[in-house]
Amino acid sequence: MGDGRWRTAGRWRTAGSALVRVVVVWAVSTLTMLALAGLLPDFQLQSADGDSITRTALTAAWGAGAFGLLSALVWPVIVRALLLVPALVLGLLVFFLNGSLLLIALWLIPDGRGAADPENAVVVAAVMSAVASATSTALAVRDDDAYRRRLYRLADRKRPRAVAGGPPTPPGAGGGPEPAPGTLFLQLDGVGHRVLRDAVADGLMPTVADWLDSSHRLTPWRTDWSSQTGASQLGILHGSNEDVPAFRWYEKDTRRLMVSNRPASAVEIQRRAIERTGDGGLLTVDGASRGNLFSGGADQLALVLSMAARRGRRNRSRAGYFTYFSDPANAVRTAGSFVAEAAREMVQSIRARLRKETPRVSRGGTYPFIRAFATVVERDVVVASVIGDMLAGRTAVYADLVAYDEVAHHSGPHGHDTDRVLARLDRSLALIAKVAEHAPRPYRIVLLSDHGQSPGETFEGAYGLTLRDLVRAGCGLPVPRRVRRTRSGSEARDAARDALRSALHRPVDEYAEEAEGATVPDKAGPVVLASGNLGLISFPGVPHRMTREEIERRHPALLRTLANHPGIGFLLVASAEHGSVVLGRDGAEVPVAELADDGPLAVFGRGAADAVRRTDGFRHVADIMVNSMYDPATGTVHAFEEQIGSHGGLGGEQSRPFLLSPVDFSAPVEAGAELVGAEQVHRVLRRWLRECVGPQVPLEISLPTSDAEAFLPVKGAAGPDKNN
């Protein structure tokens, strides 16, 4: 009987606290609306004849209440409908839709006393949403009971029976066992080991610097030959990146072009890895995958590319946006940052052109919006998802933050543009670490990257033609006039003609002249693909992997043209005589079975031979694998794509990512040993998860996907948590 009275009293206190918060938020919103009406000439809360202060205040209260109610009830419906809209358009629509809700709220005010033009409606709605959200959050954080209730609601748990009317007992409190630590894996896409060290030394990343000084160790690791997210993240999350030779490749047996960041390819790549290992992945036990190419076996997913190709509401690629943007304040803040970032990119691009900075690539068209999406929208949603996962007490979370990688491709891996991105990423890490202090279980944060980036002018910028142009010229196929004017193109065509003339013992007709920039038919030509500074050449008309001897019979000058080009470091090609061989300049030729870190691979450093040898054994390795040159003095490579910061092959910083781990974990490798390959990183992360085994937060607390991204910015003091 006594317990019932305590529970009843507790419910009344809860209801009373909630009512007080609603009244306070309503009052603050009313004052905000009154202030804006005084500041903005075209925003009015009075009739044409004027009103008393009391009447105006009542009008503001009515408008603020209507706007708050519409935001709570209608906005989530609008956001769900917006999931059908392209993501880049979402940021531009947020302001308009929020302003439309305000106009409706003003229309609902009796006697037509509320009025605003559309431009002012957008401003008023944005300010009121931000103020209301900040007020509500501040009140909840400072109310211990409300804070705990929100944690339990986010964790989707029924509240434990209160003792003597007290608040619910969090895990580990009241004499119970402390829950085992959860593990948070945060991937800073494209941030190399050197970039991280320099950023810490320059004061750009104080959060990371503090971790290094107090709680974490920094370990570099070496990627496979394919130094890109598709191969690295697949290996890290699923334990195998076998038969992933590059970011994109052509498969002769299926006649498919595989591209790692396409949903259909990603789901097939993941399926093959699971079939090969017989294991779901790193995150199969109460895990969450956020912003990744692959799921890692997690049952909680948001913005996971490999799930985007599957049907069903839970697997829609944009499902992770819903809960985040269902809060109008989140939507307004992110949309504002989106516009600011797009404008910042335009200014930086114009400045680079005016200063005639080199190397430089085109940054026009839709790129400013693509950059803003990667550096703002995706970052905000992923960070919010991670915070929701921690508050839900999930065992393992893996999240990818892609901002640096996107900017470095177009601005270069070192410089002012990327420095600003690193500083903002550090602030996101600080927010995550702060919220982790209030989670229902302790969390150990592991920071890692999947690859680095190497600087350098593009192959086309340096030599005036693309790799595809050079291959076609070396095969004696038609090329545009601009290519024939270049030294490389002219030499390649001359070599092809001479080789063919020698083979046939008769003159070769000149190719027909073609208009500048005309599209050249290429139905029977080779497929040439670029993955950073790694090129792949396949001949689709031949069902098997062509040998060097077959290629030279069909295209006598091609291999010699490629191997001797100054922009190319080495080639890998099969050989009927030697199995497979690596070809370098001046006739250098080494069988793969005898390959060592010298000869054609000397400049690429330790481990290059093993990386090439492993890729040579892949089923879908290209007929000709091409790695660009690498200058160890400057650290530069030549990307076969339009990128001045690139990754995908061997050469410099791109192959040296990092692993930043708590010292509470065992060392990644023994002293003096080197961490090599994404698959070995997977084994290390698996070991660390096993080291965290202990009393577990029940798995049934896991949130539905639609609720997993709830965002709780923690500011100011909070009530006692696991750290008291």
Any non-hydrogen side-chain atom of [X] less than 4.5 Å from a side-chain atom of [Y]?
X      : Y      : result
Pro413 : Tyr404 : yes
Met258 : Ile269 : yes
Leu422 : Leu188 : no

Compute whether any side-chain donor of one residue and acceptor of the other, for [X] and [Y], lie under 3.5 angstrom apart.
X      : Y      : answer
Ser232 : Asp450 : no
Arg424 : Thr375 : no
Gln228 : Ser531 : no
Thr229 : His451 : yes

Test ring-ring contact (aromatic ring centres under 6.0 Å, His included) applied to His216 and Phe658, Trp211, Phe665, the passing residue: Trp211
Worked verdict on Glu341 versus Arg344 for salt bridge (Lys or Arg N to Asp or Glu O under 4.0 Å): CA-CA 5 Å; Glu341 183 68 15; Arg344 181 181 296 113; 2.3 Å; yes
Would you give the length of the straight line joining atom [atom1] of [X] to atom [atom2] of [Y], rounded to the nearest 0.5 angstrom?
X      : Y      : atom1 : atom2 : answer
His409 : Thr418 : NE2   : OG1   : 12.5 Å
Leu237 : His682 : CG    : NE2   : 8.5 Å
Thr284 : Ile274 : OG1   : CD1   : 10.0 Å
Asp417 : His410 : CG    : NE2   : 12.0 Å
Leu282 : Tyr398 : CG    : OH    : 8.5 Å

Among [options], which residue meets the side chain to side chain donor-acceptor pair (under 3.5 Å) test with [X]?
X      : options                : value
Glu653 : Gln453, His193, His414 : His414
Asn241 : Arg614, Gln233, Arg276 : Arg614
Ser306 : Glu268, Gln270, Arg271 : Gln270

With Arg371, the salt bridge (charged side-chain N to carboxylate O under 4.0 Å, His left out) member among Glu406, Glu345, Glu378: Glu345
Criterion salt bridge (charged side-chain N to carboxylate O under 4.0 Å, His left out) against Arg290, the qualifying member of Asp380, Asp389, Asp400: Asp389
Shortest non-hydrogen separation from [X] to [Y] and the atoms involved:
X      : Y      : result
Leu675 : Pro668 : CD2-CB, 4.5 Å
Ser646 : Gly532 : CB-CA, 4.2 Å
Trp221 : Ala678 : CZ3-N, 3.6 Å
Gly230 : Phe294 : O-CE1, 3.4 Å

Partner residues of Asp610 under the salt bridge (Lys or Arg N to Asp or Glu O under 4.0 Å) criterion, sequence neighbours left out: Arg613
Trace of the salt bridge (Lys or Arg N to Asp or Glu O under 4.0 Å) decision for Glu674 with Arg656: CA-CA 11 Å; Glu674 187 177 16; Arg656 300 290 285 179; 2.8 Å; yes
Trace of the salt bridge (Lys or Arg N to Asp or Glu O under 4.0 Å) decision for Glu275 with Arg272: CA-CA 5 Å; Glu275 185 179 68; Arg272 293 176 184 178; over 6 Å; no
